[in-house]
Asker: 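Dropping a structure here in structure tokens format, bear with me for questions.
Note that the structure is predicted; figures quoted are calculated from it, not measured. Letters A, B, ... mirror the listed sequences (proteins, then strands); counts begin at 1. In what follows, every heavy atom counts, from backbone to side chain, and hydrogens, waters and symmetry copies are set aside.
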Amino acid sequence: MSDDKKKIYKPKVISGFPEWLPAERMVEQKWFDHIRSVFESYGYCSIETPSVEELDVISAKGEVDKEIYVLERLHKDDEDKSEARLALHFDQTVPLARYVAQHFNELIFPFKRYQMQRVWRGERPQMGRMREFYQCDIDVINVDHLPIHFDAEVAAIIYEVLDGIVGFAKPQLRISNRKILMGLLESIGIEDPVPVTRIIDKLEKIGKQDVAKLLESEGVTSNDAEQILTLVSSRPTTGSGEILDPSTALGMTPKNDQMQEGIEELSFVLDQLSHLPEGAVVADLSIVRGLDYYTGTVYETQLLDVPEFTGSVCSGGRYDDLAGSYINKHLPGVGISIGFSRLFDVMRQTHPDKLGIGRSSPADILMVLPNEEQREAASATARTLRERGYKVEMYHAPQKLKKQLAYAERKGIPYVWFPPFEDGQEHEVKDMANGEQASADPSAWVAG
RNA sequence: GCGGUCGUAGCUCAGUAGGUAGAGCACCUGGUUGUGGUCCAGGCUGUCGCGGGUUCAAAUCCCGUCGAUCGCCCCA
């Protein structure tokens, strides 16, 4: 082996593909644990689908202006057309649709599942926007008809999840129902709602006046634009048992059945969520969710105490027919997706102190290795403590105690255990937080 | 995909009449004998993003290129 010219590739992170140090990863893992436990406490089961789907599956819905990564072999044979083109999924809804269609006869409906996986989107990274990131989706799918109360259940679950991990940032779910706005747009004769909804989506960012201008440039009359703005600016509330009054809360009476239906559904969902704390859930008619497949309830979520980031950290809604492209069944569903990596990244950048990042080891105890002669005894002590449920790391070499203590300090291990340095001596434990050290029995000691 | 800004040690950066590099933090060692976080002393670390040009000479000027970052688009 020649030692004069060793080729070194300078390590670099790839933009938009985040990776964390152990201390941050530990917090991330805690978040996953919490999310999983809340999801499961409502009886939702876990599934995982492959990272790739056939490109045709992903683009079955049309709308493929999302940047999709494709996967192919470097040495693929150009002549070989037998392999379908594979694409990394950009969300978990499309894979879910395929999965449900695939296993339709084996699944039990209503099918309630959660899914925590990475997704990929070829976009330009920014704060809270990555090219590879985790989403935690929770959805319910049923055959033919899905009761509206699930629209409230998934929202309640999501609030519980967020309250547990970022409660201090005041998460707020904003809920609307697309039927209300779509009903209005239909009544004023707008055929293609997509451009209009895109403009409305910008309301919070650019304000009423600019939205009105953009609407008029789309051919909406100023009178109609005003009606639209009146509607989407309204923030109706409802208490327990109270039904949302259209004429006062929305500033107008329903123009058609669709609008009326939307109002009733939204009222019901809000009513079902009235047990949540003040401000946890609000109605916000400006939530329209762009061009997605949503047909009824729609959700977005904001962190009220994080003014640096105004985007949504979890979004979702109800769709009439999830898997119509893959199976000849009518499968309505409702679900929400937590933008896990976005949430983590935003909180990491804006409130690092609140996340509890610090420890670089999951260990509760560092077992000191006094000398080689005591290695087996120290190892036995560690085993005893592990059997009692403690996470114990053995120090690897009989180095100076100064080094062993400094190691525990740097890794954030809260206790250092000193086994006997000679046979017959006592065990001692040091509490690194306050420096106190006392004798202890491995089979009886309890962490303070 | 479009526009703005920026690229010097692991990190944050300094370094213009052009003369082949510095600070702080971090890291390592020591301050003797079985104990961390402070302090003191010492030490390690760079193809100055990459390529070309001007020049006796370029981190410093010019061109190109790549990368990063912010905004737009879009969205978790």
Side-chain angles (χ1 to χ4, degrees), chain A residues 5-18 21 63-68 89-93 115-138 158 162 194-195 197-199 201-202 205-206 287-292 299-303 308-317 335-346 349 358 366 368-371 374 395 398-422 425-426 428-437:
Chain A
K5 288 238 170 104
K6 194 170 80 167
K7 178 70 181 170
I8 302 265
Y9 288 93
K10 192 169 187 176
K12 57 182 178 186
V13 294
I14 300 172
S15 172
F17 290 78
L21 290 171
E63 298 166 7
V64 197
D65 46 19
K66 318 209 185 218
E67 280 287 342
I68 292 172
H89 57 234
F90 63 83
D91 68 11
Q92 291 175 136
T93 305
Q115 206 166 336
M116 310 199 290
Q117 293 183 233
R118 292 192 214 244
V119 302
W120 294 267
R121 293 182 193 177
E123 296 183 286
R124 289 300 252 275
Q126 269 163 43
M127 180 185 357
R129 197 171 91 181
M130 286 139 266
R131 298 197 283 183
E132 174 179 70
F133 57 97
Y134 279 101
Q135 284 192 161
C136 302
D137 281 32
I138 182 164
I158 290 299
L162 293 177
V194 172
T197 55
R198 280 209 178 139
I199 293 166
D201 244 2
K202 299 183 199 302
K205 192 176 278 185
I206 66 177
I287 306 298
V288 289
R289 306 259 60 235
L291 73 167
D292 261 313
Y299 317 88
E300 283 194 3
T301 310
Q302 262 160 321
L303 302 170
E308 301 92 329
F309 185 81
T310 56
S312 175
V313 293
C314 53
S315 309
I336 307 186
S337 174
I338 303 173
F340 182 97
S341 301
R342 159 174 289 185
L343 187 61
F344 188 74
D345 185 43
V346 167
Q349 290 192 48
L366 177 75
V368 162
L369 181 59
N371 48 57
Q374 298 299 328
Y395 197 74
Q399 291 172 321
K400 290 186 176 180
L401 290 183
K402 181 185 175 68
K403 284 199 93 171
Q404 304 198 34
L405 270 288
Y407 178 84
E409 163 71 21
R410 287 191 66 196
K411 292 189 86 170
I413 301 172
Y415 295 96
V416 173
W417 192 283
F418 297 86
F421 280 52
E422 292 169 34
Q425 290 182 332
E426 286 200 310
E428 289 186 7
V429 188
K430 184 184 182 81
D431 181 338
M432 294 299 277
N434 55 25
E436 285 171 19
Q437 187 168 332

Asker: With the stacking rule set at 5.5 Å and 30°, tell me whether A:F340 counts as stacking on B:A76.
Answerer: no

Asker: Which string of ( ) [ ] | and . matches RNA chain B, if you list each base 5' to 3' and count Watson-Crick or G-U pairs only when both distances are under 3.5 Å?
Answerer: (((((((..((((........)))).(((((.......))))).....(((((.......))))))))))))....

Asker: Check each of A:Y395, A:W417, A:F418 against A:V368 using the side chain to side chain contact (heavy atoms under 4.5 Å, CB included) test, and report the only one that passes.
Answerer: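 Of A:Y395, A:W417, A:F418, side chain to side chain contact (heavy atoms under 4.5 Å, CB included) with A:V368 is met by A:F418 alone.
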
Asker: Under 4.0 Å, heavy atoms only, any strand: does A:K202 hit a base, just the sugar-phosphate, or nothing?
Answerer: sugar-phosphate

Asker: Record whether the side chain of A:R342 comes under 3.5 Å of the base of B:C75 through a donor-acceptor pair of N or O atoms.
Answerer: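 When only heavy-atom distances are counted, A:R342 does reach the base of B:C75 through a donor-acceptor pair under 3.5 Å.
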
Asker: Ring-plane angle category for A:W120 and A:H89, please: parallel below 30°, perpendicular beyond 60°, tilted otherwise.
Answerer: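 Taking A:H89 first and then A:W120, their aromatic rings sit tilted (interplane angle of 30° to 60°).
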
Asker: May I ask you to check whether A:K411 and A:Y407 show a side-chain donor-acceptor distance below 3.5 Å?
Answerer: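 Yes - a donor-acceptor pair under 3.5 Å links their side chains.
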
Asker: Determine yes or no for a side-chain-to-main-chain donor-acceptor pair under 3.5 angstrom, with A:Q425 supplying the side chain and A:F421 the backbone.
Answerer: yes

Asker: When you look at CD of A:E426, are more than 12 heavy atoms from neighbouring residues, nucleotides or ligands closer to it than 6.0 Å?
Answerer: no

Asker: What interatomic distance, in whole Å, is found between P of B:G10 and the corresponding atom of B:C28?
Answerer: 16 Å

Asker: Any N/O pairs under 3.5 Å between the protein and nucleotides 69-71 of chain B? List them or say none.
Answerer:
| unit_1 | atom_1 | unit_2 | atom_2 | d |
| --- | --- | --- | --- | --- |
| B:U69 | OP2 | A:S15 | OG | 2.5 |
| B:G71 | OP2 | A:Q126 | OE1 | 3.1 |
| B:G71 | N7 | A:Q126 | NE2 | 3.3 |

Asker: With the criterion being N/O to N/O and under 3.5 Å, what pairs connect the protein with nucleotides 32-36 of chain B, and how long is each?
Answerer:
| unit_1 | atom_1 | unit_2 | atom_2 | d |
| --- | --- | --- | --- | --- |
| B:U35 | O2 | A:Q437 | OE1 | 3.4 |
| B:U35 | N3 | A:Q437 | OE1 | 2.9 |
| B:U35 | N3 | A:Q437 | NE2 | 3.2 |
| B:U35 | O4 | A:Q437 | NE2 | 2.8 |
| B:G36 | O6 | A:G435 | N | 3.4 |
| B:G36 | N1 | A:M432 | O | 2.6 |
| B:G36 | N2 | A:E409 | OE1 | 2.5 |
| B:G36 | N2 | A:M432 | O | 2.8 |
| B:G36 | N3 | A:E409 | OE1 | 3.0 |

